Amino acid sequence: MDEVDGMAGNEDRGGVQELIQLIKSTRVPIICICNDRQHPKIRSLANYCFDLRFQRPRVDQIKGAMMSVCFKEGIKIPPQALSEIIMASGQDVRQVLHNLSVWTAADKSLSFDQAKDTARSAKKETKLNPFEVVRLVFMPRDGERDLSLAEKTELFFHDYSIGPLFVQENYLSVRPLGAQGNPYKVLDLVAATADSLCQGDLIEKRIRTSQQWNLLPIQAMYSSVLPGELMRGPLGRPEFPQWLGNNSKRNKCDRILQELQRHTRLGTSCNKTEFGMEYLPFLHSNLTRPLIEEGNEGVSAVVSTMDAYDLVREDWDSILELGQLKGRPEVAPQIPSKVKSAFTRSYNKEAHAIPYATAASIKKSRRSTSDGNDDDHEDHESEQESDSDITSNPMICTGKKGRVESLKKTVETSSQKGKGKGKAGSQGSRKKGK
């Protein structure tokens, strides 16, 4: 089954599940071939398969096999020209064989310049993922051919948004060949690479803020080409940029800090930065130390501190999270669960006047408003029922029972419309005719 990652659309709906059921029941081995191993459909199929991953063959491996083919076919081609053909085809063995058969159909000899020109015209465009791109950025020279400046710049444009982050994350993991094992030269190369990445980051800021996209080639030089030239060497397994996760965590902490500063605005006189540097350590200590040292007896002191600064129960958790510094022992495990439960019950039992609206209070107010509207609707319906009851009306005399019943029938018949009136009129005309 080739191209199993291409099952898509209404025509192939349920194809992966049917293939899984076939694998479960068959006695004949089924070989499933795909290009995108990380595709969501392949993840479910891989649980029922033995995973074999094939890496792209190197240039030297393909060149050795192609040289033997050329010798048997009587084709005269220099090894450097064959390397150009292999690299232009994206190290695709099938395309290399096809190109050789086409270009040597009339003449069995191929020079280096001819191979370079024809390979450039038949270059295979392949889309690389960021992990493959960062490997090519730091790829050491193979002694025969190095990437040109245009090709190195093109690596940056595969994904210029996340590519510099991969370079910044992995350049310290490279063992630069230019240092030749000298640790002082390694430090010099690392410093020069860090300076180049900083320049590229400044250019990217200018591009993003002022929309000067014509500066992208300059950013490519500082963020990809120069770091690759300075730190060229073997790279192990590329790591995903940790900056993305750290930046998300920073935005979350910034949002929580802004909310805490807004809640304590009446009790403090500072901005967000000053609150985090001056008030947050004090609040973190005074909201956790009594619970750790005094237990249930320190609950009242913590609640009074929260009331003094107009804090709610969710703010206590936020302060506990923001006040935990890296390298310090965690405070949350030191608070017993019974003390924490007693603190929660004590805070929820009392009414706290806060000068701002919370999400819980807004939901509660909406619920009470809807209940009030329902009560008004019920009162209105009861008033309508009481109005329709003529026995409770003081303006109607209820001296005789028969008169009251006749009045009820009159009200009921007058409220009927359409077809009911037609039936009543027809019955009356029949009585008059009789």
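Given the structure is predicted, the values throughout are model-derived calculations rather than measurements.
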*Asks:* Could you tell me whether Gln334 atom CD has more than 12 heavy atoms of other residues or ligands within 6.0 Å of it?
*Replies:* yes

*Asks:* Could you check whether any side-chain N or O of Ser285 sits under 3.5 Å from a backbone N or O of Phe282, counting only pairs where one atom can act as donor and the other as acceptor?
*Replies:* no

*Asks:* Quick one: do Phe343 and Trp316 satisfy ring pair (Phe, Tyr, Trp, His ring centres under 6.0 Å)? Show the steps, please.
*Replies:* CA-CA 11 Å; Phe343 162 66; Trp316 186 83; 5.2 Å; yes

*Asks:* Report yes if the side chains of Pro164 and Phe156 come closer than 4.5 Å at any heavy-atom pair, otherwise no.
*Replies:*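 Touching, per the 4.5 Å side-chain cut-off.
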
*Asks:* What residues, two or more places apart in sequence or in another chain, satisfy ring-ring contact (aromatic ring centres under 6.0 Å, His included) together with Tyr48?
*Replies:* none

*Asks:* Does Ser223 use its side chain to pair, donor to acceptor, with the backbone of Gln219 at less than 3.5 Å?
*Replies:* yes

*Asks:* Residues in side chain to side chain contact (heavy atoms under 4.5 Å, CB included) with Thr26, at least two apart?
*Replies:* Val28, Ile30

*Asks:* Contact between Val167 and Thr193 at the side-chain level, heavy atoms closer than 4.5 Å - yes or no?
*Replies:*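 No, every pair of side-chain atoms sits at 4.5 Å or beyond.
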
*Asks:* Anything under 30° is parallel, anything over 60° is perpendicular, the rest tilted; go ahead and classify Phe157 against Tyr160.
*Replies:* perpendicular

*Asks:* A side-chain contact here means heavy atoms from C-beta on lying under 4.5 Å apart; do Pro227 and Met231 qualify?
*Replies:*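 A side-chain contact under 4.5 Å is absent here.
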
*Asks:* Distance-only, no hydrogens or angles: does the Asn99 side chain make a donor-acceptor pair with backbone N or O of Gln95 under 3.5 Å?
*Replies:*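 Checking the backbone N and O of Gln95 against the side chain of Asn99, a donor-acceptor pair under 3.5 Å is found.
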
*Asks:* Checking ring pair (Phe, Tyr, Trp, His ring centres under 6.0 Å) for the pair Tyr171/Phe138: CA distance, chi angles, key distance, verdict?
*Replies:* CA-CA 8 Å; Tyr171 81 97; Phe138 297 108; 7.7 Å; no

*Asks:* Report yes or no: does Gln61 contribute a side-chain atom to a donor-acceptor pair with the main-chain N or O of Arg58 at less than 3.5 Å?
*Replies:*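 Present.
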
*Asks:* Between Arg232 and Pro176 (side chain of the first, backbone of the second, donor and acceptor by atom type, cut-off under 3.5 Å), is there such a pair?
*Replies:*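 Flag not set: sc Arg232 to bb Pro176 has no pair under 3.5 Å.
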
*Asks:* Using only atom types and a distance under 3.5 Å, with no angle test, would you say the side chain of Asp5 pairs donor to acceptor with the backbone of Asn35?
*Replies:*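 Flag set: sc Asp5 to bb Asn35 pair under 3.5 Å.
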
*Asks:* Using a 6.0 Å cut-off, check whether atom CZ of Arg250 has over 12 heavy atoms from anything other than its own residue.
*Replies:*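 Not buried by this count: 12 neighbours or fewer within 6.0 Å.
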
*Asks:* A quick test of your reading: do over 12 heavy atoms of other residues, nucleotides or ligands sit less than 6.0 Å from NZ of Lys108?
*Replies:*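 Result for NZ/Lys108: enclosed.
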
*Asks:* I'd like to know if the side chain of His352 reaches the main chain of Tyr347, judged simply by a donor and an acceptor atom lying under 3.5 Å from each other, with no hydrogens or angles considered.
*Replies:* yes

*Asks:* Is the CD atom of Gln242 crowded by more than 12 outside heavy atoms at less than 6.0 Å?
*Replies:*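 Atom CD in Gln242 is not crowded, with 12 or fewer foreign heavy atoms closer than 6.0 Å.
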
*Asks:* Is the backbone of Arg208 close enough, under 3.5 Å, to the side chain of Gln211 for a donor and an acceptor to pair up by distance?
*Replies:*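 Yes; judged by distance alone, with no hydrogens or angles, the pair exists.
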
*Asks:* Side-chain contact test, heavy atoms from C-beta onward, threshold under 4.5 Å: evaluate it for Thr153 versus Val225 and give yes or no.
*Replies:*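 Counting from C-beta outward, Thr153 and Val225 do come under 4.5 Å.
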
*Asks:* Ignoring hydrogens and geometry, is there a side-chain-to-backbone donor-acceptor pair from Ser224 to Ala220 under 3.5 Å?
*Replies:*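 No, because the side chain of Ser224 does not come within donor-acceptor range (under 3.5 Å) of the backbone of Ala220.
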
